[in-house]
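As structure tokens, the structure follows; a few thoughts come after it.
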Amino acid sequence: MSNEMKKGAFYAGFSYFLWGVLPIYWKMLHDVNAGETLANRIVWSFIFMVLLLVIMRKWSGFITTIKGLLTNKKQLIGLIIASLLVSGNWFIFIWAVNSDRIIETSMGYYINPLISVLLGMAVFKEKLSRSQLLSFVLAAVGVLILTISYGEFPWVSILLALTFALYGLAKKMVKVDSEVGLTLETLVITPVALIYIISLFFKGHHSLFSGSLQTDLFLMGAGVVTAIPLLLFSKGVQRIPLSMAGFLQYIAPTIMLILGVFVYDEYFSKVHFISFAFIWLSLTLYSLSKTKLILHWEAKWKKGNQVGM
């Protein structure tokens, strides 16, 4: 492994680790409603990114990108959609963590790569191998078991996976520098977030600057804990193969699952275990689908079928 690849693996792995432990941060804000936490996360992320662009001397590039977007409706629409989707994903995640549903968030991020591939099939007409199709069937069985057992569709998991997968799809429409892109995404929704925060001040329902220094620091720090993993990820994923990034991405939901079960004592039943087992098996099969062993097995299976015909 080259030094560049080692750096990439470290950056990407550390970003997934930070995403995995992020529920601990939001738990510190359990007394603040999810809407206000989200609004502060957006505003302070924007402020942090603006400062970062100035320090990195990318401000002129940011202004140039804005001018370009104003003349390119397709990219502008893609940016707005991406901003709304990532904001929705953040809100669901914050709400779920503080509603003691960390295990469901974990399942959502396990399912996310599979939904991304399904979107690739639907939008870009990408074709899947038999082993990849089997992995989707296994994941569907896992979700179905949980749904039937609890009599309730795991909407938190599915919405988290769907919004983040669609966010990735929207990002393909807006090809800009990672730092500039994140600043633009937060810029789009910042006015709405500011209006919401100001309305809370007028109603006297605000948590920011209400007397608790700890709460103030955590709300203001939300911008930093949002931006840093994203920036580390963008640095890492450019240096490593996609297959390595695919394996590393399971670090985050695994940590979330461990936190939910062993730190926050969320209920993890046999049904949960069986459901997760199907999803883990699905992900393992999908991750190995491009290896020589699986490709050889599929070629042999296909050849056998042709001989039989």
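Just so you know, these numbers use all the heavy atoms, side chains as well, and skip hydrogens, waters and symmetry mates.
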Looking just at side-chain N and O atoms, do Glu185 and Tyr167 make a donor-acceptor pair shorter than 3.5 Å?
yes
Evaluate the side-chain contact (heavy atoms from CB on, under 4.5 Å) criterion for residues Leu18 and Val225: first the C-alpha distance (whole Å), next the side-chain angles of each, then the deciding distance (0.1 Å), finally the verdict.
CA-CA 8 Å; Leu18 291 176; Val225 301; over 6 Å; no
Can Leu217 be reached from Val21 by stepping across I, L, V, M, F, W or Y side chains whose heavy atoms are under 4.5 Å apart?
no
List the atom pairs, donor and acceptor, that lie under 3.5 Å between side-chain atoms in residues 41-51 and the rest of the protein, sequence neighbours left out.
residue: Arg41; atom: NE; partner: Thr226; partner atom: OG1; Å: 2.6
residue: Trp44; atom: NE1; partner: Asn40; partner atom: OD1; Å: 3.2
residue: Ser45; atom: OG; partner: Arg41; partner atom: O; Å: 2.5

Between Tyr109 and Tyr250, does the ring centroid distance fall short of 6.0 Å?
no
Measure the CG-CD1 distance between Asn112 and Ile158 for me, rounded to the nearest 0.5 Å.
10.5 Å
Please tell me if the side chains of Leu257 and Met107 come closer than 4.5 Å, counting only heavy atoms from C-beta onward.
no
Could you tell me if the side chain of Asp100 sits less than 4.5 Å from the side chain of Lys27, heavy atoms only?
yes
Under 4.5 Å between side-chain heavy atoms, hopping through other hydrophobics if needed: is there a path connecting Ile274 to Leu281?
yes
Side-chain heavy atoms under 4.5 angstrom apart, residues restricted to Ile, Leu, Val, Met, Phe, Trp, Tyr: same cluster for Ile195 and Val192?
no
Find out whether Leu160 and Asn89 are in side-chain contact, i.e. whether some heavy atom of one side chain is under 4.5 Å from a heavy atom of the other.
yes
So, do Pro23 and Met256 sit near enough that their side-chain heavy atoms are less than 4.5 Å apart?
yes
Tell me whether the centres of the aromatic rings in Trp19 and Trp90 are closer together than 6.0 Å.
no
Compute the ring centroids of Phe218 and Tyr25, then answer whether they are less than 6.0 Å apart.
yes
Report yes if some heavy atom in the side chain of Asn33 is under 4.5 Å from a heavy atom in the side chain of Thr37; otherwise report no.
no
Count the heavy atoms of every other residue, nucleotide or ligand shown that sit under 6.0 Å from NZ of Lys58, and state whether that count exceeds 12.
yes
Answer with yes or no whether the hydrophobic clustering places Phe62 together with Leu70; edges join I, L, V, M, F, W, Y residues whose side-chain heavy atoms lie under 4.5 Å apart.
yes
Is it the case that the ring center of Phe276 lies less than 6.0 angstrom away from the ring center of Phe273?
no
Would you mind reporting whether Lys6 and Tyr11 have side-chain heavy atoms less than 4.5 Å apart?
no
In the single-linkage hydrophobic clustering (I, L, V, M, F, W, Y; side-chain heavy atoms under 4.5 Å), do Val180 and Ile81 co-cluster?
yes
May I ask you to test the Val141-Leu138 pair for a side-chain heavy-atom distance under 4.5 Å?
no
Trp95 vs Val156 side-chain heavy atoms within contact, under 4.5 Å
yes
By side-chain hydrogen bond (donor to acceptor under 3.5 Å, both in side chains) - contacts of Ser83 (at least two apart):
none
Take the angle between the ring planes of Tyr267 and His272 and call it parallel below 30°, perpendicular above 60°, tilted in between.
perpendicular
